[in-house]
Amino acid sequence: MKFDTPATTNPIDQLKVVGQPFDRIDGPAKTTGTARYAYESHDVAPDAVYGCIVGAAIAKGRILSIDETDAKAAPGVLGIVTAENAGKLGQGDFNTAKLLGGPEVDHYHQAIAVVVAGTFEQARAAAQRLRVRYEPSRGRFDLAAAKDTAVKPKPGAGGPSDSSVGDFATAFAAAPVQFDATYTTPDQTHAMMEPHATVAKWDGNQLTMWTSNQMIAWTVGDVAKTLGIPKEDVRLISPYIGGGFGGKLFLRADALLAALAARAVRRPVKVALPRPLVINNTTHRPATIQRIRLGATRDGKLTAIAHESWSGDQPDGEPETAVSQTRLLYAGEHRLTAMRLAVLDLPEGNSMRAPGEAPGMMALEIAIDEMAEKLGLDPVEFRIRNDTQVVPDNPVKADSDDPQAKGEQTHVPHPPFSQRQLVECLRRGAEKFGWARRNPKPAQARDGRWLVGTGVAAAFRNNLLMKSAARVRLDQRGIVTVETDMTDIGTGSYTIIAQTAAEMMGVSLDEVVVNLGDSRFPVSCGSGGQFGAANSTSGVFAACVKLREAVARKLGVEAGEATFAHGRVFAGGRSGTLAELAGPAGLTGEDGIEYGDLDKRYQQSTFGAHFVEVGVDAVTGETRVRRMLAVCAAGRILNPKSARSQVIGAMTMGVGAALMEDLVVDKRKGFFVNHDLAGYEVPVHADIPHQEVIFLEETDPIASPMKAKGVGELGICGVGAAVANAIHHATGIRIRDYPITLDKLLERLPLPTDSG
Amino acid sequence: MRPFTYERARTPAEAAAAAKRHAGAKFVAGGTNLLDLMKLEIETPTHLIDVNGLGLDTLETTPEGGLRIGALVRNTDLAADARVRRDYGVLARALLAGASGQLRNMATTAGNLLQRTRCPYFYDTNMPCNKRVPGDGCAAIGGFTRQHAVIGASDACIATHPSDMAVALRVLDATVETIGPDGATRRIPLADFHRLPGDQPQVETALAAGELITAVTLPRPVGGAHFYRKVRDRASFAFALVSVAAIVQRDGSGRVALGGVAHKPWRVEAAESEMTKGARAVVARLLAGAKPTTENAFKLKLVERVLAAVLAEAKGARG
């Protein structure tokens with residue numbers, strides 16, 4: 001189904017099932033431990049043995065030798081795979097550094113070997129017996145030091161590195177009120193619960209992998225490319241995923257080394273990454289340095305906006321696209337954005353929940369708060385005054401390297417937004433949060449030991465369109481079975497897909513079976529970039545349209561005239577049950593959604609507003625969030641319960657980014673030091689006392705036949721800045737370097753009494 | 001993990017004797033720290049003696065009116081004991097500030113004292129560490145030191161002791177009771193139990209090889225207002241940046257010990273004579289000679305501020 005004109009009324013609009021807050025249908029399997037995650041795929045490979053990955057002990061240099069004598073002699077060892085004996089390996093489209101290093105080492109904990117043994121304990125013990133000699137070389141690990149060497153990166157999926165509208169320099173110089181500040185965000189790790197894990201099994205030339213992966217088709221392609229085998233020989237199965245956040249978008253070392261190890265020892269092999277390897281072996285959200293300049297009239301109209309961002313990555317890597325939202329969010333005649341990329345020898349950077357916008361909004365939305373303060377304007381009002389209903393800066397996007405990206409070029413310089421309720425989100429949130437009662441002067445409210453403040457930030461994240469296909473089968477019991485390689489990374493994909501099929505076919509939710517995450521199924525959009533929900537359900541919608549046609553044909557009526565309800569089809573006085581029409585042979589509909597140029601003619605984005613109240617301990621500077629509110633406008637909400645879970649999870653992650661998450665670089669040795677969950681802190685329950693989410697009524701017929709957009713990443717965008725702004729309101733202290741830990745506040749907090 | 005043998009001991013004497021038979025033995029109780037370290041081969045005992053069955057899991061009032069805490073009393077149980085809550089509030093609060101509910105259910109009194117530093121370089125076996133390999137060097141010095149010691153450190157080691165409980169026990173003048181491999185018992189004041197790193201940071205306590213902790217005793221309650229203030233980046237389940245254990249009497253005199261600043265719970269009794277003069281005077285002596293890094297210098301200021309708040313609160317409560 002080609003979606004190239006806005007949606008009109010369709011069966012989803014009935015909202016009998018879609019839009020209802022159903023519990024997730026995979027919930028019982030997960031809560032009873034019967035859902036099989038990758039590493040628990042015992043039954044499919046009962047004879048599996050265990051691989052333990054050895055990560056490089058240096059950040060940059062060469063392996064001089066690997067002495068396998070002791071490791072090979074260790075109990076239970078079946079084989080050792082290194083770059084020496086792995087055979088020729090290609091490079092996947094989505095990998096920057098090699099997944100199996102040697103002799104060159106590109107980053108700390110780059111995999112250099114996998115040791116295979118009969119048990120996990122044997123493999124781990126033997127891996128520690130591998131004697132590796134290195135010749136370290138000098139590496140580049142410090143973004144601030146490398147900033148001046150940063151260059152203009154090649155255009156990526158997010159558009160060109162630079163954009164310009166009008167004449168920023170002149171307008172900024174002429175602006176009556178000017179603001180210029182630099183912000184930093186640190187490297188972050190996804191910290192998903194389930195580490196990367198794979199069971200790999202070869203049957204002749206056929207490779208099957210039970211793995212934990214967000215993007216089945218991307219990864220099948222990269223497995224094939226890396227191993228130099230046909231895609232048809234690779235099968236990926238990833239029905240349950242214990243969180244991903246972008247860390248599992250790609251083929252990573254667990255899967256590749258499990259496949260290599262299984263080939264070497266001629267047995268199925270299981271590999272999971274221990275947490276330190278999740279952090280230094282896989283990808284992370286790169287640190288940024290961001291400079292923002294704003295020029296405004298005295299009555300609070302932005303006239304000049306510049307946002308520049310520097311980040312680092314491995315050679316041939318990509319920038320963190322932290323300026324992307326600044327092209328879209330606020331009005332302003334004269335504009336400039338630029339991204340620069342430095343080469344760093346740290347582990348490779350890549351997507352983490354809302355790449356670009358998450359760190360970009362952390363900086364931009366403090367800057368907006370600072371400018372409002374400078375203007376003496378309420379920060380909600382200042383944002384409203386600078387709203388825009390068209391895209392202010394829409395640079396021409398070059399063809400991207402993304403193999404799924406589309407090539408057609410229809411450039412509209414200032415397209416309208418398909419829906420844009422930013423102002424409504426801010427107003428509704430302000431009302432609900434009690435913003436009017438706020439004393440605009442900072443450092444005024446106190447509750448016992450706590451300095452209390454409130455902060456606001458806009459939320460913004462683009463809606464991305466991706467092709468997505470599905471197959472829907474109807475059997476003689478009237479059961480509808482959906483098959484697509486879509487993944488559920490804890491988001492609720494199973495449930496919203498089942499709701500979509502139930503609505504389309506006129507059956508109840510328990511008459512739908514959903515099978516996901518198998519590369520034998522039609523290729524979906526996968527999970528990432530908050531594109532999963534709208535695109536995958538649109539693909540299911542398309543397949544259901546085909547199935548409805550097949551059912552109608554059986555009844556001898558036109559599909560367009562048929563009504564599907566209560567397991568029956570009605571049209572022109574005729575009717576039949578789905579079960580009898582399916583018959584013993586069953587009926588199948590298969591199709592996918594693909595898009596025309598509606599995303600060129602209209603900008604598709606999601607909007608929101610975050611309101612946060614914090615307490616800052618007047619003595620210690622510890623910041624604790626007291627309450628949070630998010631108001632979101634993100635198209636049709638397919639399931640308010642799972643959507644709310646997505647948003648509160650993202651808000652929680654935003655609190656982590658604001659207050660504690662920081663992968664600390666050891667700039668001498670070139671690695672992330674705090675590489676476990678004791679050292680890398682994320683919020684615990686005690687940090688998140690109260691969250692509220694409001695979804696504004698919205699349907700977006702331009703976005704998809706579901707009239708839905710994404711919401712899972714919107715929830716994180718802006719939260720960090722809202723917390724930072726609340727800290728400023730509580731204390732009068734402005735911190736521009738995340739995370740905002742107490743040591744950054746302490747010097748400027750008032751002295752406690754009784755200091756002596 | 002290196003292969004090891006395992007046995008369950010039934011009496012303290014039997015455990016001690018087992019330790020004598022096996023030179024590379026370790027005792028295991030809750031295992032909340034030791035097992036993690038064994039998996040990383042930071043600890044490589046050849047033999048484990050499981051002491052969970054020794055019956056050292058009771059709390060008794062001592063003839064002097066103090067409290068004798070069995071070595072195997074779980075942190076959860078100790079924190080919940082009515083006598084601890086009434087007479088040794090600083091201890092109950094310190095315990096509940098530590099770890100998580102699940103860990104406190106497993107962790108024992110003796111094991112808590114014996115937990116090892118959380119220095120990330122200690123945990124990464126690719127990095128040099130004098131605790132793991134004496135003479136290997138210290139990767140933390142010059143590295144990421146926000147959590148590290150500001151006082152009492154050495155050129156060999158700047159690690160801190162992670163325990164909250166031990167800080168409270170230090171301010172309570174606790175004593176550690178042990179039994180040696182030869183069956184001899186002894187009492188070690190907590191002040192002397194943990195060591196500063198010096199040039200042997202791998203030697204962390206006064207325990208001899210094979211010596212088993214059987215109990216920790218507390219003297220008679222000293223009254224006063226009890227405080228345990230733990231400062232950390234998140235609200236729960238995090239190690240202290242600094243912690244302040246204090247007991248303040250009605251006349252403003254009192255005691256104070258610190259966590260998160262040194263290789264051991266940090267207390268300087270001489271500094272306590274300044275308690276009535278205020279936090280600055282106390283801290284000037286308590287942290288005299290401190291050598292922080294740029295990253296952890298904030299701890300000095302933080303200690304002073306927290307102690308000031310504690311003294312103010314104590315004064316306020318006295319009216």
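So you know, we letter chains A, B, ... as the sequences are listed, proteins then strands, and number each from 1. Nothing here was measured: the structure is a model prediction, and the numbers come from that model.
Side-chain atoms of A:E622 and B:L302, non-hydrogen and from C-beta on, never get closer than 4.5 Å to each other. A:Q122 has its side chain out of reach of B:M1: every pair of non-hydrogen atoms, C-beta onward, lies at least 4.5 Å apart. Counting heavy atoms from C-beta outward, A:L659 and B:D233 have side chains that stay 4.5 Å or more apart.
Enclosure of atom NZ in A:K744 by more than 12 non-hydrogen atoms of other residues, nucleotides or ligands within 6.0 angstrom is indicated. Counting heavy atoms of neighbouring residues, nucleotides and ligands inside a 6.0 Å radius, atom NE2 of A:H690 exceeds 12 of them. In this structure, B:R250 places its CZ atom where only 12 or fewer heavy-atom neighbours from other residues, nucleotides or ligands lie under 6.0 Å away. For B:D136, the CG atom counts as densely surrounded, since its 6.0 Å shell holds more than 12 non-hydrogen atoms of other residues, nucleotides or ligands.
Atom CZ of residue B:F237 and atom NE2 of residue A:H685 lie 13.0 Å apart, to the nearest 0.5 angstrom. The OH atom of A:Y134 lies 6.5 Å from the CG atom of B:N126; values are rounded to the nearest 0.5 Å. Interatomic distance, CZ of B:F144 versus CZ of A:F671, reported as 10.5 Å (0.5 Å rounding). Here the straight-line distance linking atom OG1 of A:T741 with atom CZ of B:R234 works out to 14.5 Å at 0.5 Å rounding.
Of the listed residues B:V306, B:D124, B:V242, B:N296, the one with more heavy-atom pairs under 4.5 angstrom with chain A than any other is B:D124. Among the candidates A:V655, A:T623, A:L749, the residue making the largest number of heavy-atom pairs closer than 4.5 Å to chain B is A:L749. Interface summary for chain B: among A:D666, A:V664, A:D617, the most heavy-atom pairs under 4.5 angstrom belong to A:V664. Annotation: maximal heavy-atom pairing with chain A below 4.5 Å, among B:R229, B:R118, B:R2, B:E295, occurs at B:R2. Ranked by heavy-atom pairs under 4.5 Å with chain A, the list B:E313, B:E274, B:M127 is led by B:M127.
Both the backbone and the side chain of B:K39 come within less than 4.5 Å of a heavy atom of chain A. Interface residue B:L241: only side-chain heavy atoms are found under 4.5 Å from chain A. Using a 4.5 Å cut-off between heavy atoms, A:A56 contacts chain B through its backbone alone, with no side-chain atom that close. Neither the backbone nor the side chain of B:A297 comes within contact range of chain A, judged by heavy atoms closer than 4.5 Å.
A donor-acceptor contact closer than 3.5 angstrom is absent between the side chains of A:N674 and B:Y123.
The backbone N or O of B:A238 sits nowhere less than 3.5 Å from a side-chain atom of A:E681 that would complete a donor-acceptor pair.
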task = Kindly indicate, with the supporting measurements, whether the criterion side chain to side chain contact (heavy atoms under 4.5 Å, CB included) is fulfilled by A:T620 and B:R305.
result = CA-CA 7 Å; A:T620 63; B:R305 294 177 69 95; over 6 Å; no

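The existence of a salt bridge linking A:D743 and B:R146 is confirmed by a sub-4.0 Å separation between a basic side-chain nitrogen and an acidic carboxylate oxygen.
The shortest non-hydrogen separation linking A:V619 to B:A309 is CG2-CB, 3.5 Å. The two residues A:A125 and B:E41 come nearest to each other via the heavy atoms CA-OE2, 4.0 Å.
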